Visitor: 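Quick one: structure below, then a few questions.
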Amino acid sequence: MHPLLLVIVLAAVASAFCWVASLVSGDTSWVDRLWSIVPVAYVWVFAVSAVADDADAGRLILMAVLVTAGGARLTFNFARKGGYSGVEDYRWAILRGRMSPILFQVFNLLFIVLYQMTLLVLITLPAAMARTHPAPLTAADVIITVLFVGFLLGESVADQQQWDFHRAKARGTADGFLTTGLFAYSRHPNFFFEQAQWWAFYAFGATAAVASGGGVWGGVINPTIVGAILLTLLFVGSTVFTESISAEKYPAYAQYQRTTSMLVPLPRRRDGARVS
């Protein structure tokens, strides 16, 4: 079976599972539970296919290893927060309360399941680009690897700082919201670093296309960029919604928004001017 077709079949099965499971359990976080897992499987499909065909698979194996490392880290962080123990994302509960049952189920099928599961395929398509443009690794791949690992470490630090803060809140030794460490430079550094990893992943596919003779159009800029763009748009929309909840809960959050970048880590502003 063609690797892209196999990935589509796997995505269809995963989507059907998430939708049925959400109806049976009343819990809409099933896509969240697969978010860090299915992209790893998809990338390995492309990598194993290249190896089986005796193609130059060095870049694809590197891509698969890096995505596996990122997926393992994200899975660990999600698990320790209770994500695999039946804990639903609090945002879905809020949306469920704001919508009629029928409207929420339409939203569940079209956005939570179909849109997000399709997005998880799209963000892995740079691996398909590398599969169809086999070429030896280049110096650009080394630079991209260093960036990917740096982004992965940044997300790990941010998640650990957030985890430590919430544990302190549970003990009663902290309150409010986190504004120190990486969170002094970005209100959501973990979100930034996760997006950055997938932009680096896109760069691998673009490098493969360029190394195979592609130019700016079709090489540096190619159709698989859609996945990274849509992921960024999803994160921005999700972050805006999350912050609307935080602002309602914490009056001081508005000042944090005025002084601290939303996503990209930047020096904190002192003049009260809004940054984004």
Side-chain angles (χ1 to χ4, degrees), residues 3-4 7 35-51 53 55-75 77 119-159 182 185-186 188-236 263-266:
L4 180 57
V7 165
W35 184 272
S36 61
I37 298 172
V38 293
V40 175
Y42 300 159
V43 176
W44 275 109
V45 166
F46 291 112
V48 171
S49 170
V51 172
D53 289 348
D56 191 326
R59 181 177 289 102
L60 271 168
I61 292 175
L62 175 61
M63 294 168 73
V65 168
L66 290 174
V67 168
T68 300
R73 191 218 61 78
L74 195 59
T75 300
N77 192 59
L119 177 58
L120 292 178
V121 172
L122 293 177
I123 61 175
T124 62
L125 289 186
M129 178 66 68
R131 175 70 181 85
T132 57
H133 296 81
L137 291 166
T138 68
D141 293 290
V142 176
I143 295 172
I144 297 167
T145 299
V146 171
L147 289 173
F148 189 103
V149 172
F151 297 144
L152 178 60
L153 292 174
E155 188 177 14
S156 300
V157 171
D159 279 340
L182 291 177
Y185 306 97
S186 167
H188 305 277
N190 42 357
F191 292 177
F192 167 77
F193 287 121
E194 183 172 350
Q195 293 171 71
Q197 287 169 63
W198 286 107
W199 277 101
F201 188 78
Y202 166 77
F204 278 118
T207 299
V210 171
S212 299
V216 174
W217 298 108
V220 177
I221 307 297
N222 64 74
T224 66
I225 198 172
V226 170
I229 291 173
L230 290 179
L231 180 68
T232 296
L233 292 176
L234 176 67
F235 265 95
V236 170
L263 290 171
V264 181
L266 295 171

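Quick caveat: nothing in here was measured; it's all calculated off a predicted structure.
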Visitor: Can you label the angle between the F151 ring and the F193 ring as parallel, tilted or perpendicular, going by 30° and 60°?
Guide: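 F151 and F193: tilted rings.
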Visitor: Quick one: are P126 and F201 in side-chain contact, heavy atoms under 4.5 Å?
Guide: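 With C-beta onward as the side chain, the pair touches.
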Visitor: With no hydrogens and no angle check, is any side-chain donor or acceptor of Y42 less than 3.5 Å from a backbone partner on L125?
Guide: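 Looks like no, no N/O pair under 3.5 Å.
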Visitor: Which residues pass the salt bridge (Lys or Arg N to Asp or Glu O under 4.0 Å) test with D53, sequence neighbours left out?
Guide: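 Partners of D53 by the salt bridge (Lys or Arg N to Asp or Glu O under 4.0 Å) criterion, ordered by chain and then number, come out as R131.
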Visitor: Which residues satisfy the side chain to side chain donor-acceptor pair (under 3.5 Å) test with S186, sequence neighbours excluded?
Guide: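 Listed in chain order: nothing, the list is empty.
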Visitor: Which pair of heavy atoms, one from V210 and one from G215, lies closest together, and at what distance?
Guide: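 Here V210 and G215 meet closest at CG2-O, 4.2 Å.
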Visitor: About how many Å separate CG of L137 and CG of D56, when rounded to the nearest 0.5 Å?
Guide: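 With rounding to 0.5 Å, CG (D56) is 7.0 Å from CG (L137).
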Visitor: Is there a donor-acceptor contact under 3.5 Å from the side chain of N222 to the main chain of G219?
Guide: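 Yes, the answer is positive, given that a donor and an acceptor are paired below the 3.5 Å cut-off.
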Visitor: Say you draw a straight line from CG of N190 to CG of L263; how long is it, rounded to the nearest 0.5 Å?
Guide: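 With rounding to 0.5 Å, CG (N190) is 9.5 Å from CG (L263).
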Visitor: Locate the shortest heavy-atom distance separating L60 from A127; write the atom from each residue and the value.
Guide: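 Reported closest heavy-atom pair: CD2-O, 3.3 Å.
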Visitor: Quick one: does T138's side chain get under 4.5 Å of R59's, heavy atoms only?
Guide: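 They are in contact (side-chain heavy atoms under 4.5 Å apart), so the answer is yes.
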Visitor: About how many Å separate OG1 of T224 and CG of L122, when rounded to the nearest 0.5 Å?
Guide: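 Interatomic distance, L122 CG to T224 OG1, rounded to 0.5 Å: 9.5 Å.
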Visitor: Can you list everything that forms a side chain to side chain contact (heavy atoms under 4.5 Å, CB included) with I143? Sequence neighbours excluded, please.
Guide: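 Scan of I143 (side chain to side chain contact (heavy atoms under 4.5 Å, CB included), adjacent residues dropped) gives L147.
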Visitor: Starting at CD1 of I221, measure out to OH of Y202 and round the result to the nearest 0.5 Å.
Guide: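 Spacing of CD1 (I221) from OH (Y202) equals 4.5 Å.
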Visitor: Are any non-hydrogen side-chain atoms of L153 and V149 less than 4.5 angstrom apart?
Guide: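 Answer yes - side chains close enough.
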Visitor: Only pairs under 3.5 Å count here: list side-chain donor-acceptor contacts from residues 64-71, not counting sequence neighbours, and write none if there are none.
Guide:
unit_1 : atom_1 : unit_2 : atom_2 : d
T68    : OG1    : W44    : NE1    : 2.7
T68    : OG1    : A64    : O      : 2.6

Visitor: Side chain to side chain contact (heavy atoms under 4.5 Å, CB included), that's the test. Do T132 and F46 meet it? Break it down for me.
Guide: CA-CA 10 Å; T132 57; F46 291 112; over 6 Å; no
Visitor: Scan for side-chain hydrogen bond (donor to acceptor under 3.5 Å, both in side chains) pairs involving residues 204-217, sequence neighbours excluded, and state none if there are none.
Guide: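 As it turns out, there is no side-chain hydrogen bond (donor to acceptor under 3.5 Å, both in side chains) pair with a partner in residues 204-217 once direct neighbours are skipped.
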Visitor: Drop me the distance from I144's CD1 to W199's CH2, to the nearest 0.5 angstrom.
Guide: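 Interatomic distance, I144 CD1 to W199 CH2, rounded to 0.5 Å: 13.0 Å.
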Visitor: Residues in side chain to side chain donor-acceptor pair (under 3.5 Å) with E155, at least two apart?
Guide: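 Counting only residues at least two positions away or on another chain, E155 forms a side chain to side chain donor-acceptor pair (under 3.5 Å) with R73, Q197.
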Visitor: Ignoring hydrogens, what is the shortest heavy-atom contact between D141 and F204? Give both atom names and the distance.
Guide: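 Reported closest heavy-atom pair: OD1-CD2, 3.4 Å.
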Visitor: To the nearest 0.5 Å, how far apart are CZ in F235 and CH2 in W198?
Guide: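 Between atom CZ of F235 and atom CH2 of W198 there are 10.5 Å.
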Visitor: Where does the angle between the aromatic ring planes of F191 and H188 fall among parallel (under 30°), tilted (30 to 60°) and perpendicular (over 60°)?
Guide: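 Geometry flag for H188 against F191: parallel rings.
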Visitor: Backbone N or O of L74 within a donor-acceptor pair of the N77 side chain at under 3.5 Å?
Guide: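 Answer holds: no.
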